[in-house]
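To start, the structure itself, in structure tokens.
Atoms considered below: every heavy atom in the structure, side chains included; atoms not considered: hydrogens, waters and symmetry mates.
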Amino acid sequence: MTENAGQQSAADGPELSVIVPARNEEASLGTCLNSLVQQSAPGFELGRQWELIVVNDYSSDRTAAIAASIAKGYEGISVMDAPAFTASEHGRFTGKNNACWAGAQVARGRWLLFTDADTIHLPDDLSRSLCEAERHHAVLLSYSPRQIVRGFWQRTVMPLVFSELASVYRMAEVNDPDHTIAAANGQFLLIERDTYFAVGGHRTVASDVLEDVALARTVKGSGRTIRFRYAPEALSTQMYRTTGDMIEGWTKNLAVLFPRPMYLAAWRVLDLVLYFGLPFLAVEIPWLVSWQRWALMLLWARGLWRFYTRVARSNFPLPDVLLSTLGVPLFVFLLIRSTVHHRVRGSVIWKGRSYDT
């Protein structure tokens with residue numbers, strides 16, 4: 001897209017373009033699109049004030065058919081196929097980045113919202129997000145959704161991941177222009193059109209498997225204001241349908257999300273030793289006197305309190321937070337696995353595609 005074409009589209013188009021990249025999302029796409037079309041209201045009508053673009057990313061299931069069926073019932077919805085993969089000066093496109101960039105090329109809105117096909121949007125979250133971005137003078141606004149988890153391993157591991165993310169990417173620092181740290185969540189990433197094309201959009205982060213954080217860094221690094229927050233009142237998402245999907249997804253992301261993943265894994269192993277070893281020592285060592293046993297138990301209780309205080313920052317329900325100690329072994333395994341794939345094997349797999357790292 002040329003600069004003049006982009007300006008023409010923004011001048012003549014709607015306020016917002018919602019872009020949904022979708023690859024093999026038949027299980028979730030219908031719910032996502034229905035939650036989006038319900039955002040239409042007087043003064044913020046689909047087909048007038050905003051448009052919806054679904055980009056089918058070479059799906060082999062019913063994703064394209066579901067999108068086309070829903071699009072028939074509404075004005076303002078378009079469905080397109082992602083173009084063939086190409087290489088840019090920033091490397092070969094990943095599937096999602098290719099789909100997002102393609103959607104942005106045809107979008108006409110003054111604002112662009114990239115949102116995943118596994119999200120569920122609550123009433124009025126689109127119009128309220130536009131107001132929030134303008135109120136905070138942010139050219140990029142991203143929401144972290146409420147996470148929907150199913151099954152034992154998701155309930156125990158996901159709080160651990162998100163609590164560590166909350167420690168590394170402190171939202172107060174992300175939102176502070178004086179701090180260099182930047183973050184965003186690709187499940188809801190709203191960006192001003194002019195800014196998007198000025199920094200190169202998804203083409204700039206073409207080969208990044210963690211494109212949301214990379215794009216946020218690019219925008220913030222250009223001296224512009226970004227805003228990122230937890231927004232359970234805006235949307236929710238079920239990131240992974242199965243434990244296998246979760247393992248594949250976090251293998252792709254963890255070594256990139258955390259600056260020292262092996263260091264983090266070592267600390268979590270130490271946690272395990274303390275949480276299960278201290279009570280054992282307090283009970284089983286025969287020569288300890290009473291006060292020494294109590295001292296070990298107090299040390300154990302202090303460590304457990306600090307652990308749960310940290311995990312509580314994940315914003316997961318209390319039962320999941322309490323169960324999370326049982327997920328530490330799998331979390332450590334995922335940190336090691338992700339590191340091996342990124343730094344030893346040099347590739348990761350996601351949704352049937354292999355990407356060089």
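Ring to ring, F162 and Y230 are not that close: their centroids are 6.0 angstrom or more apart. Between W350 and Y355, a ring centre-to-centre spacing not shorter than 6.0 Å is recorded. Between F93 and H202, a ring centre-to-centre spacing not shorter than 6.0 Å is recorded.
Within a 6.0 Å radius of CD in E75, other residues, nucleotides and ligands contribute 12 heavy atoms or fewer. Heavy-atom contacts from other residues, nucleotides or ligands closer than 6.0 Å to CZ of F280 number 12 or fewer. More than 12 heavy-atom neighbours from other residues, nucleotides or ligands sit within 6.0 angstrom of CZ on R135. The neighbour count for R302 CZ, taken as heavy atoms of other residues, nucleotides or ligands under 6.0 Å away, does not exceed 12. The number of heavy-atom neighbours closer than 6.0 Å to CZ of R62, taken from other residues, nucleotides and ligands shown, is 12 or below.
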Worksheet item: Where do M80 and I53 land on the side chain to side chain contact (heavy atoms under 4.5 Å, CB included) test, with the steps shown first?
Response: CA-CA 8 Å; M80 62 179 288; I53 302 167; 4.1 Å; yes
Item to complete: Any chance you could lay out the side chain to side chain contact (heavy atoms under 4.5 Å, CB included) test for M246 and M239, step after step, and finish with the verdict?
Response: CA-CA 8 Å; M246 182 183 72; M239 290 178 64; over 6 Å; no
Discussion item. Under the criterion side chain to side chain contact (heavy atoms under 4.5 Å, CB included), I'd like the reasoning laid out for S338 against V340: C-alpha separation, chi angles, the key distance, then a yes or no.
Written reply: CA-CA 5 Å; S338 182; V340 169; over 6 Å; no
Item to complete: Would you please test W300 and Y275 for ring pair (Phe, Tyr, Trp, His ring centres under 6.0 Å) and show each step?
Response: CA-CA 6 Å; W300 171 78; Y275 302 153; 8.3 Å; no
Practice prompt. Quick one: do V20 and V55 satisfy side chain to side chain contact (heavy atoms under 4.5 Å, CB included)? Show the steps, please.
Written response: CA-CA 6 Å; V20 182; V55 186; over 6 Å; no
Item to complete: Test ring pair (Phe, Tyr, Trp, His ring centres under 6.0 Å) on F114 and Y196 and set out the steps.
Response: CA-CA 11 Å; F114 299 94; Y196 179 81; 5.3 Å; yes
Item to complete: Go through the steps for T251 and R337 under the test side chain to side chain donor-acceptor pair (under 3.5 Å), then give the verdict.
Response: CA-CA 6 Å; T251 297; R337 189 173 193 266; 2.7 Å; yes
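In this structure, I77 and A71 approach most closely via the heavy-atom pair CG2-CB, 3.6 Å. Listed here is the closest heavy atom pair of K220 and A182: CD-CB, 3.9 Å. Taking every heavy atom of both residues into account, V168 and L257 meet most closely at CG1-O, 4.3 Å.
When the side-chain hydrogen bond (donor to acceptor under 3.5 Å, both in side chains) test is applied to E132, the partners found at least two apart in sequence or on another chain are Y143, R227, R229. Under the side-chain hydrogen bond (donor to acceptor under 3.5 Å, both in side chains) criterion, T237 pairs with D118, sequence neighbours left out.
Using a 4.0 Å cut-off between a side-chain N of Lys or Arg and a carboxylate O of Asp or Glu, D57 and K351 do not qualify as a salt bridge. Salt bridge status for D194 with R224: absent, with no side-chain N to carboxylate O gap under 4.0 Å. A salt bridge links R268 and E164; the closest N-O separation between the charged side-chain nitrogens and carboxylate oxygens is under 4.0 Å. Electrostatic pairing of E248 and R241 does not count as a salt bridge here, judged by no charged N lying under 4.0 Å from a carboxylate O.
In this structure, the side chains of D125 and Q39 come closer than 4.5 Å at one or more pairs of heavy atoms. Contact of the F331 side chain with the S324 side chain is not registered, since no non-hydrogen atoms from C-beta on lie closer than 4.5 Å. The side-chain heavy atoms of V161 and L334, taken from C-beta on, include no pair separated by under 4.5 Å. Side chains of P261 and R343 form a contact here, defined as non-hydrogen atoms less than 4.5 Å apart. Taking the side chain as every heavy atom from C-beta outward, K96 and P21 approach each other to under 4.5 Å. Side-chain contact between P319 and R155 is present, with heavy atoms from C-beta onward closer than 4.5 Å. For the pair W250/M158, a side-chain contact is recorded, criterion being any heavy-atom separation below 4.5 Å from C-beta on. I336 places a side-chain heavy atom less than 4.5 Å from the side chain of M262.
Residues E25 and T63 have side chains that never bring a donor and an acceptor to within less than 3.5 angstrom of each other. T94 and N97 form a side-chain donor-acceptor contact under 3.5 Å, judged by distance and modelled atom types alone. In summary, the side chains of H121 and T115 do present a donor paired with an acceptor at a separation below 3.5 Å, with no hydrogens or angles considered. Between R23 and S59, the side chains place no donor N or O within less than 3.5 Å of an acceptor N or O (distance only, hydrogens not considered).
Listed for the R203 side chain is no donor-acceptor partner under 3.5 Å among the backbone atoms of N98.
To the nearest 0.5 Å, the span separating CH2 on W50 from CG on L126 amounts to 5.5 Å.
Transitive grouping of hydrophobic side chains (ILVMFWY, heavy atoms separated by less than 4.5 Å) brings Y240 and L326 into a common cluster. Criterion: ILVMFWY side-chain heavy atoms under 4.5 Å apart, direct or through other members. Under it, L296 and W294 are not part of a common hydrophobic cluster.
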